[in-house]
There are 2 protein chains.
Amino acid sequence: MTGPAPIRKERNDRLDVTRPRALPGRQMLTASVYEAIKEQIMDLELAPGTRVNMDQLARDLEVSTTPVRESLARLESEGLVTRRSLQGYTVTAQPDWSDLHELFTLRRLLEPEAAREAAREPGDDLVSSLRSTLDDMAEPSSAVPEEQYRRHRTFVEADSVFHDAIAAASGNRLLRRTLAGMHSHVLLYRLYFEAGVSPERSATAEEHRAILAAIVDRQPEVAATAMRDHVERSHERVLGRTSALRPT
Amino acid sequence: MTGPAPIRKERNDRLDVTRPRALPGRQMLTASVYEAIKEQIMDLELAPGTRVNMDQLARDLEVSTTPVRESLARLESEGLVTRRSLQGYTVTAQPDWSDLHELFTLRRLLEPEAAREAAREPGDDLVSSLRSTLDDMAEPSSAVPEEQYRRHRTFVEADSVFHDAIAAASGNRLLRRTLAGMHSHVLLYRLYFEAGVSPERSATAEEHRAILAAIVDRQPEVAATAMRDHVERSHERVLGRTSALRPT
DNA sequence: CGAGGATATATCGTGTAGGATCGATGGTAG
DNA sequence: CTACCATCGATCCTACACGATATATCCTCG
């Protein structure tokens with residue numbers, strides 16, 4: 001990796017122009033820090049189980065501790081880190097069989113509804129965005145081992161975008177927020193990465209295609225069923241690939 | 001109200017005894033502040049739409065701004081407050097028709113599953129705890145208007161405990177956390193309170209009784225159906241009582 | 001008299017410093 | 001070798017400071 005990747009933008013970026021005022025409201029620093037920490041957790045720079053040093057993080061990101069505190073507080077409420085009374089934060093441990101079961105149970109309950117609603121009147125932007133994720137997931141011809149990392153990453157990213165796009169298109173903001181808050185792609189990415197295996201790209205892409213087809217055809221029930229199948233098969237695939245877990 | 005109710009516990013509560021050490025880890029100040037703010041939001045001391053002044057809150061609770069910041073960050077990720085770039089925090093506005101629809105859609109998807117799992121092998125503690133909430137919801141003979149407030153409050157509290165107990169008994173921690181994170185009782189309490197009406201206690205209690213009966217009988221599917229009915233009827237009741245909302 | 005702009009205040013965002021407390025490591029005495 | 005104690009490190013909490021911004025007030029001009 002190329003160092004901790006500081007966030008800090010240059011200080012004197014404010015010109016003498018009276019009012020540049022391009023963006024409506026400048027984005028909060030806390031938001032950047034939040035994304036950066038989530039990134040580090042996803043990339044296993046902050047491995048599961050390790051303790052998170054707030055000051056260290058603040059130094060690395062070249063910000064003060066305040067936005068780090070706020071980000072960690074939010075990450076804790078989302079379950080990515082755990083806080084113990086006077087022991088600081090620790091990255092949530094790798095999910096075990098039970099955790100995965102819970103995660104996929106919720107996804108199986110929620111995502112078909114998202115697909116159903118999204119298929120009622122899908123916008124062109126949704127369809128094109130879903131199509132582009134399918135392109136991103138396309139299997140490259142061959143890759144040297146060091147490229148595996150990036151390929152795996154883009155695959156997970158595309159998968160995440162696919163599901164989030166459908167959730168967004170459902171029109172149900174709470175549903176989308178809830179699904180996003182589970183951070184399933186973060187958990188699964190870490191899990192796959194630790195297990196050293198890649199997900200079955202072709203099967204996933206095939207199921208995504210089926211969902212997309214149902215959405216394009218505006219068949220809500222078909223889309224819901226396809227999504228349910230997809231989530232269930234994903235669950236099975238994850239269990240099959242990470243058999244370091246006891247079934248109850 | 002009786003003033004802002006400071007949180008601060010006495011400072012010199014540590015005795016000379018070598019190791020009192022009763023509680024494993026003393027509870028974090030942030031946790032108390034979080035609960036206090038949530039309480040104020042629920043009680044409409046912080047009304048929907050009002051801006052939240054961090055310094056003011058810190059002064060009222062007699063703590064510094066840091067735990068207030070952390071609590072607000074968490075509350076924001078849970079949707080109870082909203083943060084805008086340089087405008088501070090605002091209490092999330094009263095839910096409109098669309099928000100309620102989203103909320104009950106998710107509850108309809110999730111809570112039947114919780115009831116189903118809870119009914120598989122319910123513990124005695126679950127049953128007794130559910131029974132006690134039914135007692136708390138029992139209709140008092142009569143009440144002076146100023147008592148209405150407290151009765152309404154205990155009713156909502158009992159309802160919340162009932163649903164959370166089932167979610168907890170489902171064994172699915174993520175499911176429980178997700179349901180709790182919606183803060184539906186906070187939203188509904190505020191909504192009822194503003195509308196100046198009370199929920200239909202008897203109907204709610206009756207449906208709760210049906211759910212409890214199914215759980216006691218260990219009939220998961222019956223429990224799930226009863227829960228689904230309950231959520232759907234609750235939705236209808238809320239819509240009927242707060243018709244300041246347009247259906248799309 | 002009304003509208004537009006400039007000033008002023010309160011508040012937010014962020015950063016830094018320091019005191020207090022808890023856990024841990026290492027040394028010393030028995 | 002074991003038990004106790006002291007120092008050290010880390011973290012939590014608090015307090016304060018500075019720059020930036022939004023809202024409100026007031027003034028000027030048409």
Side-chain angles (χ1 to χ4, degrees), chain A residues 6-34 36-37 50-76 81-91, chain B residues 6-34 36-37 46 49-76 81-91:
Chain A
I7 288 182
R8 168 81 75 194
K9 296 160 284 299
E10 284 310 315
R11 213 43 176 300
N12 293 343
D13 54 346
R14 189 148 300 282
L15 308 178
D16 286 350
V17 183
T18 46
R19 303 281 296 228
R21 246 22 234 91
L23 54 164
R26 84 167 178 209
Q27 119 167 337
M28 276 176 297
L29 186 55
T30 300
S32 311
V33 173
Y34 169 81
I37 297 178
T50 58
R51 296 178 51 163
V52 179
N53 189 325
M54 285 191 346
D55 296 341
Q56 184 69 34
L57 254 180
R59 271 194 302 274
D60 290 350
L61 299 174
E62 295 184 14
V63 290
S64 121
T65 62
T66 306
V68 174
R69 291 185 82 97
E70 293 184 359
S71 300
L72 286 175
R74 178 169 167 194
L75 286 169
E76 190 212 5
V81 298
T82 311
R83 185 181 200 177
R84 280 168 51 184
S85 58
L86 274 165
Q87 212 159 332
Y89 288 94
T90 50
V91 179
Chain B
I7 287 183
R8 170 82 75 194
K9 295 162 284 298
E10 285 310 315
R11 214 44 178 294
N12 293 342
D13 53 347
R14 189 147 298 281
L15 306 178
D16 286 350
V17 183
T18 47
R19 304 278 298 223
R21 247 25 226 99
L23 54 163
R26 85 164 177 210
Q27 121 168 338
M28 273 176 296
L29 186 55
T30 300
S32 311
V33 174
Y34 170 81
I37 297 178
L46 292 175
T50 58
R51 296 178 48 166
V52 179
N53 189 325
M54 284 188 350
D55 296 340
Q56 184 68 35
L57 253 179
R59 272 195 300 272
D60 290 349
L61 300 175
E62 293 184 16
V63 291
S64 152
T65 61
T66 304
V68 175
R69 294 184 81 98
E70 292 185 357
S71 301
L72 287 175
R74 180 171 166 190
L75 287 169
E76 191 212 6
V81 299
T82 311
R83 184 182 202 177
R84 278 167 52 183
S85 57
L86 274 166
Q87 216 159 328
Y89 287 95
T90 319
V91 180

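Keep in mind that what you see is a predicted model, and the values were worked out from it rather than measured. Labels below follow one simple rule: chain letters A, B, ... track the order of the sequence lines, proteins then strands, and each chain is numbered from 1.
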**Item:** Residue-level proximity of residues 66-73 of chain B to DNA chain D when a heavy atom falls under 4.0 Å
**Value:** B/T66, B/P67
**Prompt:** Is the backbone of B/L46 close enough, under 3.5 Å, to the side chain of B/T50 for a donor and an acceptor to pair up by distance?
**Reply:** no
**Prompt:** In whole angstrom, what separates B/M54's CE from C/dT14's P?
**Reply:** 10 Å
**Message:** For a quick check of understanding: with a heavy-atom distance under 4.0 Å over all strands, which category does B/T65 fall into, base, sugar-phosphate or nothing?
**Reply:** nothing
**Heavy-atom side-chain contact between A/T90 and A/V52 under 4.5 Å** = no
**Request:** Take B/V68 and B/D55 through the side chain to side chain contact (heavy atoms under 4.5 Å, CB included) test and state the conclusion after the steps.
**Result:** CA-CA 9 Å; B/V68 175; B/D55 296 340; over 6 Å; no
**Request:** Specify the closest pair of heavy atoms between A/Y89 and A/R69, including all atoms of both residues, with the distance to one decimal.
**Result:** OH-O, 4.4 Å
**Item:** Rounded distance (Å) that lies between atom P of C/dG13 and atom CD of B/E76
**Value:** 10 Å
**Shortest side-chain distance from A/V63, nucleotide among C/dG15, C/dT11, D/dC13** = C/dG15
**Prompt:** B/V81 and side chain to side chain contact (heavy atoms under 4.5 Å, CB included): which partner among B/E76, B/R51, B/R74?
**Reply:** B/E76
**Asked** Over how many whole Å does the gap from B/R59 atom CZ to C/dT11 atom C1' extend?
**Response** 11 Å
**Prompt:** How long is the line joining CD of B/E62 and C1' of D/dC13, in whole Å?
**Reply:** 15 Å
**Asked** What nucleotide among C/dG15, C/dG13, D/dT14 has an atom nearest to a side-chain atom of B/S64?
**Response** D/dT14
**Message:** Using the side chain to side chain contact (heavy atoms under 4.5 Å, CB included) criterion, which residues pair with B/T82? Sequence neighbours excluded.
**Reply:** B/T92
**Message:** Check this one for me: any side-chain N or O of B/Q87 less than 4.0 Å away from OP1 or OP2 of D/dT23?
**Reply:** yes
**Message:** Using OP1 and OP2 only, check whether a side-chain N or O of A/N53 sits under 4.0 Å from D/dA10.
**Reply:** no
**Prompt:** How close do B/S71 and B/T30 get, heavy atom to heavy atom, and via which atoms?
**Reply:** OG-O, 3.3 Å
**Asked** Picking from C/dT14, D/dC13, C/dG15, which would you name as closest to the side chain of B/R83?
**Response** C/dT14
**Request:** Let me know the distance between CZ of B/R84 and C1' of C/dG13, rounded to the nearest Å.
**Result:** 16 Å
**Asked** Tell me: CD of A/Q56 to P of D/dT11, nearest whole Å?
**Response** 9 Å
